[in-house]
Amino acid sequence: MSAYHEIYAIVRQIPVGKVATYGQIATLANLPGKPRLVGYALYRVDLKESDIPWHRVVNAKGEISFSSLRQGTDYLQRALLEREGIEFTSTGKISLRQYQWQPESV
DNA sequence: TTAGTGACGTCCC
DNA sequence: AGGGACGCCACTA
């Protein structure tokens, strides 16, 4: 059983209209302090054949990680999030206080 | 095997 | 608020 499988399982649990951070996913996947692995795990996921809502994962700043490696999927991510009702600030950030996923339902 | 890089986070300035 | 340095570990050359 790969640790990445746990990551995918966690991401799949993120409800529509909510987002989670890489660090949050890492912790939930029993990989505290290793958020980079989460990012790499999602990078390995095939966007088309996976049923994983990868677009609901953002960094701790509440922003989408823009990278040339993603070939524009970063812009797609923002579009998908906006389609789910998530609003972006003028600086392109998301209000985590309002949209961050709370597994334990504070 | 060593070195470099990265869908990130935390700390310090 | 914004930017730089360091740490983390898997993958690639």
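We name chains A, B, ... by the order of the sequence lines, and we start the count at 1 in each one. Remember, it's a predicted structure, so these values are computed and weren't measured experimentally.
As rounded to whole Å, 17 Å separates atom C1' of C:dC9 from atom OH of A:Tyr43. Atom-to-atom, CG of A:Leu37 to P of C:dG7 comes out at 17 Å; the value is rounded to the nearest Å. In this structure, A:Glu63 atom CD and B:dG9 atom P are separated by 11 Å, rounded to whole Å. Rounded to whole angstrom, the span from the CH2 atom of A:Trp54 across to the P atom of B:dC8 amounts to 13 Å. What separates CD1 of A:Ile64 from P of B:dG6 is a distance of 20 Å, to the nearest Å. In this structure, A:Ile7 places its CD1 atom 15 Å from P of B:dA7, rounding to the nearest Å. Per the geometry, OH belonging to A:Tyr22 stands 17 Å off C1' belonging to B:dT10, to the nearest Å. Atom CG in A:Leu31 sits roughly 10 Å away from atom C1' in C:dC9 (whole-Å rounding).
The side chain of A:Arg44 places an N or O atom within less than 4.0 Å of a non-bridging phosphate oxygen (OP1 or OP2) of C:dC11.
Residue contacts shown for A:Leu69 are limited to sugar-phosphate atoms, with no base heavy atom under 4.0 Å away.
With hydrogens and angles disregarded, no donor-acceptor distance shorter than 3.5 Å links the side chain of A:Lys34 to the backbone of A:Thr27.
Of the candidates B:dA7, C:dC8, B:dG9, C:dC8 carries the atom nearest the A:Arg36 side chain, counting heavy atoms from C-beta on. In this structure, of C:dC11, B:dA7, C:dG2, it is C:dC11 that holds the atom nearest to the side chain of A:Tyr40. Of the candidate nucleotides B:dG9, B:dC8, C:dC9, B:dC8 has the atom lying nearest to any side-chain atom of A:Ser65. Comparing C:dC9, B:dT10, B:dA7 by their closest approach to the side chain of A:Ala60 singles out B:dT10. Nearest nucleotide to the side chain of A:Lys34, out of B:dG9, C:dC8, B:dA7: C:dC8.
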With side-chain contact (heavy atoms from CB on, under 4.5 Å) as the criterion, how do A:Ile7 and A:Tyr40 come out once you've worked through the C-alpha distance, each side chain's angles and the decisive distance to 0.1 Å?
CA-CA 11 Å; A:Ile7 295 176; A:Tyr40 209 90; over 6 Å; no
side-chain contact (heavy atoms from CB on, under 4.5 Å) evaluation trace for A:Ile64 with A:Arg70
CA-CA 11 Å; A:Ile64 294 174; A:Arg70 301 183 60 185; 3.9 Å; yes
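The minimum heavy-atom distance between A:Glu84 and A:His55, with the atom names listed, is OE2-NE2, 3.0 Å.
Note: A:Ile14 CD1 to A:Trp54 CH2 = 12.5 Å, rounded to the nearest 0.5 Å.
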